[in-house]
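Here is the naming used below: chain letters follow the sequence lines, and residue numbers restart at 1 for every chain.
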Amino acid sequence: MDEKYFPKKVEQKWQQKWADSGAFECEAEGCDDRPKFYQLEMLPYPSGNLHMGHVRNYSAGDAMAWYKRLKGFNVMHPIGWDSFGQPAEDAAVKRGVNPREWTEANIDVMRGQLQRLGISYDWRRQMYAHRPEYYKFDQWFFLKMYEKGLAYKRLTQVNWCSHDQATLSNEQASGGLCWRCGNPVTKKDLEQWFFKTTAYTDQLLDDMAEIESGWPANVLKRQSDWIGRSEGAFVDFEVKTSGDTLFYCDLDGGTAESGTVRVFTTRIDTIYGANAVVLAAEHPVIQANIDHFSEDVASKIAFIRAENTKPTDHEVEIEKDGIDTGLRAINPFSGEELPVWVGNYVMMEYGTGAVMSVPAHDERDFEFAKKFELPIRQVISEPHMEHAHHTMQAMALEVPLTAYGVLVHSDYWNGKTSENAKQEMAAYAVKHGFGEAATTYRLRDWGVSRQRFWGSPIPIIYCDTCGVVPEKFENLPVRLPETAPFSGTGESPLAKVPEFVNTICPTCEGPAKRETDTMDTFVDSSWYYFRYTDATNEVLPFDPEIAAYWTPVDQYIGGDDHAVMHLIYARFWTKMMRDLGLVTFNEPFKRLLTQGMVVGETFFDDATGKKIYHMPGDVTVTRDGKGKITGAVGKDGGALKYGIERMSKSKGNGVDPDEMVEIYGADAARLFIMFAAPIENELVWNEAGIEGGVRFLQRVWRQVYKWRTAIGEAERTPLVNGEGVTPASRKLRQKTHQTIKRVTDSFEALQFNTPVAALMELSNAVGDIGVDPTNATESDLFAVREALTSLVLMLTPFAPHTAEELYAVIIDNEDGIVANGACFPEYSEGLAKADEIEIPVQINGKLRSRILAAPDTADEELQRMAFADAKTREFTDGKEVVKVIVVPNRLINIVVKG
RNA sequence: GCCGAGGUGGCGAAAUGGUAUACGCACUAGUCUUAGGAACUAGCGUCGAAAGACAUGCGAGUUCGAGUCUCGCCCUCGGCACCA
């Protein structure tokens with residue numbers, strides 16, 4: 001053993017040993033009775049380099065994997081590559097490189113980085129999204145879904161990012177900005193393939209109950225908001241002109257011969273307060289009658305439609321706008337004739353694209369009515385105001401009353417509660433044929449077509465004779481050609497590769513053309529974690545029997561930014577696979593941990609509307625007393641804006657993990673990133689702190705070095721109570737066992753910062769023992785040996801290389817922890833218990849003194865001791881003791897008066 | 001605007017309703033050393049000579065006792081954004 005800690009040497013040695021022995025390779029078959037544990041982290045996109053966010057994610061995952069391994073689980077801990085996607089294609093467009101070569105090279109770099117970090121992966125299980133062996137099964141699933149009617153094609157307006165030249169899903173275009181480049185999204189008409197996620201909406205929502213205990217509440221909340229189930233009713237309003245001709249409107253297949261407009265409402269109980277029916281500008285009724293409208297109306301509709309295709313700027317609230325079309329609708333409950341408006345606040349994509357406007361009880365309708373001076377009629381009353389409302393028309397509402405209440409001015413329904421009225425009125429509508437109870441969702445089907453080269457080809461063939469024909473299973477994979485002309489324009493580059501496009505129809509064997517769009521890359525990440533279980537299967541995505549052993553995933557760890565998209569798709573995919581008979585459960589991830597971002601300071605100039613980042617080295621920064629930035633000036637002397645943003649190379653605030661490993665070692669970097677903050681917090685990277693990590697490892701190293709010989713020769717069985725047990729050794733053993741308990745509890749609670757602190761305390765306690773190897777008694781040596789062995793073993797999840805080396809030294813056996821099958825230490829409740837507890841004495845709730853007592857001392861005895869304490873007496877003498885509260889083993893509070 | 005999370009030393013942070021500030025960083029003084037950006041020792045919330053007082057965003061409340069529970073504000077961060 002070297003006297004000094006040389007991280008690089010230790011890390012290389014153990015990485016080699018692990019690789020040689022296949023230390024982290026796991027099997028489902030033939031293994032013992034150990035329980036399985038599937039530890040999964042979100043797979044990286046191979047962009048070229050790891051960033052500190054990856055280091056945080058994979059360090060946490062590895063800590064968990066090691067902990068479970070040492071706890072006797074058969075652990076599977078895999079990694080793979082989300083290697084299809086835009087950056088590879090961008091590189092091809094901009095720099096003429098081959099996306100495949102670019103991707104493979106990046107993977108090599110990043111794999112090397114992960115190996116230098118020493119993450120304990122079973123490397124044999126790697127999956128690569130861009131390799132035919134993997135994407136073959138993206139296509140396999142596509143065909144299976146096509147068979148089941150879960151994959152279909154339709155003409156649609158897609159979100160289009162003109163910067164990335166790509167189609168985006170609604171999720172990816174959330175907020176009107178491209179999720180990848182942040183540029184505004186526009187609309188474009190295209191034929192697109194969809195997966196029918198909506199076939200599973202209720203399950204996606206209801207099965208959350210199964211994972212409620214293992215997932216962060218905010219993630220579930222965001223998913224259910226995203227799915228957006230809302231229960232209400234459809235109500236059909238008959239529509240006519242201001243004259244008496246009914247307009248014909250072809251809705252939902254067009255069997256309706258009468259002109260009706262179906263609205264969706266969650267508040268059918270407010271229908272007597274409707275003052276108008278408001279339609280989206282894109283509504284079919286508007287479309288059907290577009291030629292009949294006056295010029296004013298037509299131009300307003302055209303204007304609103306044009307506005308709707310513009311990207312939304314969420315900073316600015318859009319002003320309500322609309323116009324009375326001249327059409328009239330009949331309220332089926334009251335028979336009242338209402339104007340039909342077009343309103344810019346009604347969205348065609350949600351519900352039916354039509355609403356009944358009830359200004360008294362809806363904020364948007366209220367605002368709309370105020371602006372256009374439409375009547376506002378209150379039909380819901382607070383229960384205690386009911387009587388008053390029966391006798392007067394309440395026109396003077398200052399704010400809409402959106403809460404439930406009691407119906408007023410609603411004929412037959414007066415006096416009913418909102419809850420009852422909702423049910424009864426929906427039933428009434430059914431009975432009279434003008435409506436029904438209904439549930440609508442915000443979630444829509446998943447558009448998977450991308451006009452891209454670097455993705456999995458959609459296995460569909462277009463034949464002039466047979467139409468749309470799926471490729472045969474035996475012809476999979478539909479291989480991507482080596483390369484394609486990358487123009488960076490909207491059409492898929494595959495369309496310009498004749499040998500790809502031109503093919504033979506699987507049905508009639510006549511000439512046919514292939515679909516040239518590729519699949520969204522979220523397809524790959526929806527099922528990769530099943531592929532790990534059986535990574536080389538050539539026939540099926542995976543063998544259901546093998547997957548049945550490993551899945552569901554026991555612990556998933558990844559960025560909180562995937563809370564909605566990836567995690568909903570993966571859940572959808574699992575349910576789809578269940579229905580294909582591949583798996584038997586509903587939910588793929590039993591427990592989910594979302595880590596916070598690693599962020600750093602950025603400096604930029606956004607005068608041009610786009611942020612131009614400056615490297616921190618080129619920026620002169622001024623700070624206040626608290627270290628907060630007060631100003632920043634660039635190289636050219638111009639003032640810069642500053643912020644704290646997610647670390648990345650392009651923003652100039654990235655820290656290179658390789659550099660960290662080179663300077664401090666992988667173990668120190670990993671230990672520190674776990675210690676610095678709770679895993680779910682955002683972490684502002686601070687370089688200075690990592691030295692504390694190294695110092696700690698050095699300290700432990702020196703302690704083992706110092707004691708190695710003495711404890712190697714020490715007695716291995718503890719001295720029994722009393723005889724020869726020194727107080728120092730007793731105290732150290734106590735600390736050791738308390739620490740084991742703390743660390744174990746922390747891991748079970750998925751806390752990674754507090755156990756590191758506990759280990760530091762234990763190391764400090766070893767340093768404080770007060771004896772050295774020359775004068776230590778047998779009892780001391782036993783305690784030190786136990787403390788150091790436990791410390792080193794518990795350090796393994798954070799600093800595995802150092803732990804292996806130190807453990808090998810302690811047990812004097814070169815094989816170390818894994819090879820010897822060492823286990824996580826177990827604590828003894830009895831040893832963890834203190835001999836003597838310091839019990840605070842409070843007088844009127846204020847701390848005044850402390851007394852020492854044996855654990856579990858009787859209340860009366862503790863009271864007696866407290867009153868015997870001189871310091872306590874100072875505060876109690878001459879005063880009336882009103883009450884004494886004794887909390888066993890914790891505290892005494894004496895309440896006095898006067 | 002709505003929903004959610006959170007405000008504790010100079011900083012990252014810790015605390016089953018029971019000794020607030022563990023652990024680390026930074027800082028200060030000292031020891032050792034040719035040297036120290038190493039190691040070790042001591043100190044480190046504020047005020048105060050001390051006793052002690054005051055301190056967990058602000059204000060109330062419950063309790064013998066509140067960082068923790070309740071109510072009302074303020075601020076920060078995140079999500080959603082006309083979802084009928």
Side-chain angles (χ1 to χ4, degrees), chain A residues 4 174-176 216-219 221-222 225-226 228-230 232-233 263-268 270 278 280 312 314-315 317-320 343-347 349-358 361-365 367-368 440-443 560-561 563-564 596-597 624-628 644 671-672 675-678 680-693 695-696 698-699 702 742 751 753-764 767 838-850 874 882-896:
Chain A
K4 280 196 177 151
S174 174
N218 73 321
V219 173
K221 173 81 170 60
R222 280 166 66 185
D225 284 352
W226 195 263
R229 178 155 72 190
S230 107
V263 306
F264 176 70
T265 178
T266 53
R267 292 299 302 275
I268 193 172
T270 65
V278 186
T312 0
H314 291 306
E315 300 303 309
E317 194 167 331
I318 301 161
E319 203 182 328
K320 298 267 182 300
N344 66 340
Y345 71 104
V346 178
M347 300 181 302
E349 305 83 53
Y350 186 78
T352 58
V355 302
M356 60 181 204
S357 169
V358 186
H361 305 293
D362 181 279
E363 300 203 7
R364 294 153 302 178
D365 297 339
E367 203 186 312
F368 194 69
T440 62
Y441 302 88
R442 194 186 114 106
L443 183 81
D560 156 70
D561 39 343
V564 179
M597 285 191 290
D624 66 13
K626 289 192 165 191
K628 246 193 187 143
I644 295 207
L671 179 105
F672 174 67
F675 173 66
E680 64 276 8
N681 282 22
E682 182 177 272
L683 173 60
V684 182
W685 185 256
N686 160 17
E687 180 104 25
I690 193 171
E691 297 193 18
R695 272 204 285 269
F696 170 58
Q698 280 169 341
R699 192 162 70 234
R702 278 197 307 272
R742 272 178 72 185
Q751 286 180 348
N753 57 331
T754 46
V756 177
L759 295 177
M760 288 172 169
E761 284 185 43
L762 180 57
S763 166
N764 291 344
E838 189 183 79
I839 295 183
V841 180
Q842 296 183 342
I843 315 291
N844 291 344
K846 294 202 180 215
L847 177 70
R848 295 301 182 188
S849 181
R850 298 179 173 92
E874 271 181 44
V882 181
K883 196 174 178 183
V884 180
I885 289 121
V886 179
V887 184
N889 295 331
R890 295 227 66 136
L891 156 142
I892 299 161
N893 188 13
I894 301 167
V895 186
V896 297

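Separating the NZ atom of A/K320 from the P atom of B/rG1 is a distance of 14 Å, rounded to the nearest angstrom. Following rounding to the nearest Å, A/R229 (CZ) and B/rC80 (C1') show an atom-to-atom distance of 19 Å. A/E349 has its CD atom 12 Å from the C1' atom of B/rC82, to the nearest Å. In this structure, CE of A/M597 is placed 9 Å from C1' of B/rG78, rounded to the nearest angstrom. Rounded to whole Å, the distance from CH2 on A/W226 to C1' on B/rA81 is 11 Å. Between the CZ atom of A/F696 and the P atom of B/rC40 there is a distance of 13 Å, given to the nearest Å. Atom CZ of A/R267 is separated from atom C1' of B/rA84 by 11 Å (rounded to the nearest Å). Protein atom CE of A/M347 is 8 Å distant from nucleotide atom C1' of B/rA84, rounded to whole Å.
Residue-level contact check: A/V346 touches the bases, meaning some heavy atom is under 4.0 Å from a base atom. Across all strands shown, A/D560 has no heavy atoms under 4.0 Å from either base or sugar-phosphate atoms. Residue A/R222 is in sugar-phosphate contact alone, with no base atom involved, counting any heavy-atom pair closer than 4.0 Å across all strands shown.
The main-chain N or O of A/L683 is never found under 3.5 Å from a side-chain atom of A/N681 such that the two would form a donor-acceptor pair. With hydrogens and angles ignored, the 3.5 Å screen pairs no side-chain donor or acceptor of A/D560 with any backbone N or O of A/M597.
Across B/rG10 and B/rU21, the matching C1' atoms stand 14 Å from one another, rounded to whole Å. Going from the P atom of B/rG67 to that of B/rG9 covers 14 Å, rounded to whole Å. Nucleotides B/rC23 and B/rG18, compared at atom C1', are 22 Å apart to the nearest Å. Distance noted for atom P between B/rA22 and B/rU16: 15 Å (whole Å). As rounded to the nearest Å, B/rG7 and B/rA14 have P atoms that lie 9 Å from one another. Nucleotides B/rC2 and B/rA55 place their C1' atoms 36 Å apart, quoted to the nearest Å. When the P atom is compared between B/rC11 and B/rC27, the two are found 15 Å apart, to the nearest whole Å. Rounded to a whole angstrom, the distance from the C1' atom of B/rU68 to that of B/rG57 is 16 Å.
Both A/R850 and A/N681 sit near RNA chain B, but only A/N681 has its closest nucleotide nearer the 5' end. Of the residues near RNA chain B, A/P678 and A/P840, the one whose nearest nucleotide (by heavy atom distance) lies more toward the 5' end is A/P678.
Partners of A/Y350 by side chain to side chain donor-acceptor pair (under 3.5 Å), not counting sequence neighbours, listed by chain and number: A/S230, A/T440. Not counting sequence neighbours, A/R890 has no partner by the salt bridge (Lys or Arg N to Asp or Glu O under 4.0 Å) test. Looking at residues two or more places apart in sequence or on another chain, you find a side-chain contact (heavy atoms from CB on, under 4.5 Å) between A/P216 and A/N218, A/V219, A/L592, A/T594. Annotation: salt bridge (Lys or Arg N to Asp or Glu O under 4.0 Å) contacts of A/R848 (sequence neighbours excluded): none. By the side chain to side chain donor-acceptor pair (under 3.5 Å) test, A/S849 is found to be paired with A/D869, residues two or more places apart in sequence or in another chain being considered. Residues forming a side-chain contact (heavy atoms from CB on, under 4.5 Å) with A/I885 (at least two apart in sequence, or on another chain): A/K883, A/V887, A/N893, A/V895. Under the salt bridge (Lys or Arg N to Asp or Glu O under 4.0 Å) criterion, A/R699 pairs with no residue, sequence neighbours left out. Taking the salt bridge (Lys or Arg N to Asp or Glu O under 4.0 Å) definition, one finds that A/E761 meets it with A/K735, A/R742, sequence neighbours left out.
Regarding the sugar-base torsion, B/rG7 falls in the anti class, its angle being beyond 90° of 0.
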Are there any protein N/O atoms within less than 3.5 Å of an N/O atom in nucleotides 64-66 of chain B, and if so, which ones and at what distance?
from: B/rC64; atom 1: O2'; to: A/N893; atom 2: ND2; distance (Å): 3.3
from: B/rC64; atom 1: O2; to: A/N893; atom 2: ND2; distance (Å): 2.5

What pairs of nitrogen or oxygen atoms, one from the protein and one from nucleotides 43-53 of chain B, lie under 3.5 Å apart?
from: B/rG52; atom 1: OP1; to: A/K871; atom 2: NZ; distance (Å): 3.3
from: B/rA53; atom 1: OP1; to: A/R848; atom 2: NH1; distance (Å): 3.3
from: B/rA53; atom 1: OP1; to: A/R848; atom 2: NH2; distance (Å): 3.1
from: B/rA53; atom 1: OP2; to: A/R848; atom 2: NH1; distance (Å): 3.3

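Using a 4.0 Å cut-off, no side-chain N or O of A/R890 falls inside it from OP1 or OP2 of B/rU16. Within the structure, a side-chain polar atom (N or O) of A/S230 is placed less than 4.0 Å from OP1 or OP2 of B/rA84. The side chain of A/N344 places no N or O atom within less than 4.0 Å of a non-bridging phosphate oxygen (OP1 or OP2) of B/rC82. Listed pair A/N218 / B/rG79 fails the phosphate criterion, with no side-chain N or O lying under 4.0 Å from OP1 or OP2.
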Q: Using a 4.0 Å heavy-atom cut-off, write out nucleotides 22-37 of chain B from 5' to 3' as B (base contacted by protein), S (sugar-phosphate only) or - (no contact).
A: BBSSS-----------

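A/T754 contributes atom OG1, which lies 10.0 Å from atom CG of A/L759 (distance to the nearest 0.5 angstrom).
Annotation: side chain of A/M760 is in contact with side chain of A/F675 (closest heavy-atom distance under 4.5 Å). Inter-residue side-chain proximity for A/F672 and A/V756 is flagged as unmet; no heavy-atom pair is nearer than 4.5 Å. A 4.5 Å side-chain heavy-atom check between A/N844 and A/V896 finds at least one atom pair inside the cut-off. Side-chain contact between A/E874 and A/I843 is absent, with no heavy atoms from C-beta onward closer than 4.5 Å.
The side chain of A/E838 lies closest to B/rU19, out of B/rC80, B/rC83, B/rU19.
In RNA chain B, consecutive stretches of 3 or more Watson-Crick or G-U wobble pairs with both distances under 3.5 Å are given as paired ranges: B:1-7 with B:74-80, B:10-12 with B:23-25, B:27-31 with B:39-43, B:45-47 with B:52-54, B:57-61 with B:69-73.
Within the cation-pi definition used here (under 6.0 Å to the ring centroid, within 45° of the axis), A/K320 qualifies as a partner of A/Y345.
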